[in-house]
Amino acid sequence: LAQDVSSLRQSEMIDVSDAPARGPENAVVTLVEFSDYECPYCVRHFKQTMPQIEENFIRPGKIRYVFRDFPIDNLHPEAIRAHETARCALEQDRAKYWRLHNSLFSAPGTHTKEQLEARAREAGLDTGTLQACLATGRVTAGIRRSGEKASSLGANGTPAFFVGLWEPGSTEVRVLEAI
């Protein structure tokens, strides 16, 4: 990732208008993560590093954290189903989305329709509404655009992180650094 983003221009912007986020809405510093729910490195980050980021930076209000979808189909062909489920959950209820999100980081093969429905129920989501959303396929294009944005920024794997500054009055983050 570092080699690919060495030419990253500071004028690169990430639209975060439709992305789930935690932390203060007016935080200037923003950490944008592009991730794949089935990626073993993403799972490790979620379990080992994310709790520290949450405790030291998000909860105290030092940064805003934004999650962006980046399922890598050639490595994890079933991950898209987890990302679609999460996006439909986000449409239904942000708090319940985060409960579901926290349960989605797991090994390939753990995102069958039945397993995702069970996780959605555990998160308190209405599975009928969730299934209706999934049946339309309306969230898939947004997931694909998110992955395309990550690639355009030079991300060639997951997780990929970009630290930036929120542009007041906008829905965009100006990228300062790729991690």
Rounded to the nearest 0.5 Å, what's the gap from [atom1] on [X] to [atom2] on [Y]? Could you check?
| X | Y | atom1 | atom2 | answer |
| --- | --- | --- | --- | --- |
| Leu134 | Thr127 | CG | OG1 | 10.5 Å |
| Gln131 | Cys88 | CD | SG | 8.5 Å |
| Ser35 | Phe161 | OG | CZ | 6.5 Å |
| Asp126 | Asp93 | CG | CG | 11.0 Å |
| Leu130 | Glu91 | CG | CD | 9.5 Å |
| Glu33 | Met50 | CD | CE | 6.5 Å |

Do [X] and [Y] come within less than 4.5 Å of each other through their side chains, counting heavy atoms only?
| X | Y | result |
| --- | --- | --- |
| Asp36 | His83 | yes |
| Val139 | Cys133 | yes |
| Phe34 | Leu153 | yes |
| Leu100 | Thr85 | yes |
| Phe162 | Lys149 | no |
| Pro159 | Phe70 | no |
| Arg119 | Ser106 | yes |
| Leu165 | Val29 | yes |

Would a distance-only check, ignoring hydrogens and angles, find a side-chain to backbone donor-acceptor pair under 3.5 Å from [X] to [Y]?
| X | Y | value |
| --- | --- | --- |
| Lys96 | Gly124 | yes |
| Arg81 | His111 | yes |
| Arg174 | Gly164 | no |

Which atom pair, heavy atoms only, marks the closest approach of [X] to [Y]?
| X | Y | answer |
| --- | --- | --- |
| Ala160 | Gly157 | CB-O, 3.7 Å |
| Ala21 | Arg64 | CB-NH2, 3.3 Å |
| Ala19 | Arg94 | O-NH1, 4.0 Å |
| Gln115 | Gly109 | OE1-O, 3.5 Å |

task = Verify whether one side chain among Glu172 and Ser170 offers a donor that lies under 3.5 Å from an acceptor in the other.
result =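 Checked: Glu172/Ser170 side chains show no N/O donor-acceptor pair below 3.5 Å.
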hydrophobic_cluster_shared for [Y] and [X], side chain cutoff 4.5 Å:
| X | Y | result |
| --- | --- | --- |
| Ile80 | Tyr41 | no |
| Leu116 | Tyr97 | yes |
| Trp166 | Ile53 | no |

task = Determine whether the aromatic ring centres of Phe46 and Phe67 lie less than 6.0 Å apart.
result =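 For Phe46 and Phe67, the ring centres are not under 6.0 Å apart.
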request  = May I ask you to check whether His101 and Tyr37 place their ring centers less than 6.0 Å from one another?
outcome  = yes
task = Before giving the answer on side chain to side chain contact (heavy atoms under 4.5 Å, CB included), spell out for Val66 and Leu31 the whole-Å C-alpha distance, their side-chain angles and the decisive distance to 0.1 Å.
result = CA-CA 6 Å; Val66 176; Leu31 175 65; over 6 Å; no
request  = Using a strict cut-off of less than 4.0 Å between a Lys/Arg side-chain nitrogen and an Asp/Glu carboxylate oxygen, indicate whether Asp18 and Arg87 qualify as a salt bridge.
outcome  = yes
Asp73/Arg144 salt bridge by N-O under 4.0 Å criterion =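 Yes, charged N to carboxylate O under 4.0 Å.
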Over 12 foreign heavy atoms within 6.0 Å of CZ, Arg145 =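 No, the 6.0 Å shell around CZ holds no more than 12 heavy atoms from other groups.
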query = Taking atom OH of Tyr65 as the centre, does the number of heavy atoms from other residues, nucleotides or ligands within less than 6.0 Å exceed 12?
reply =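 Count over threshold, so yes.
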Among Arg68, Glu148, Glu84, the one residue meeting side chain to side chain contact (heavy atoms under 4.5 Å, CB included) with Ile143 = Glu84
remark   = Residues pairing under side chain to side chain donor-acceptor pair (under 3.5 Å) where one sits in residues 46-61, two or more places apart or in two chains, turn out to be Arg22-Glu54
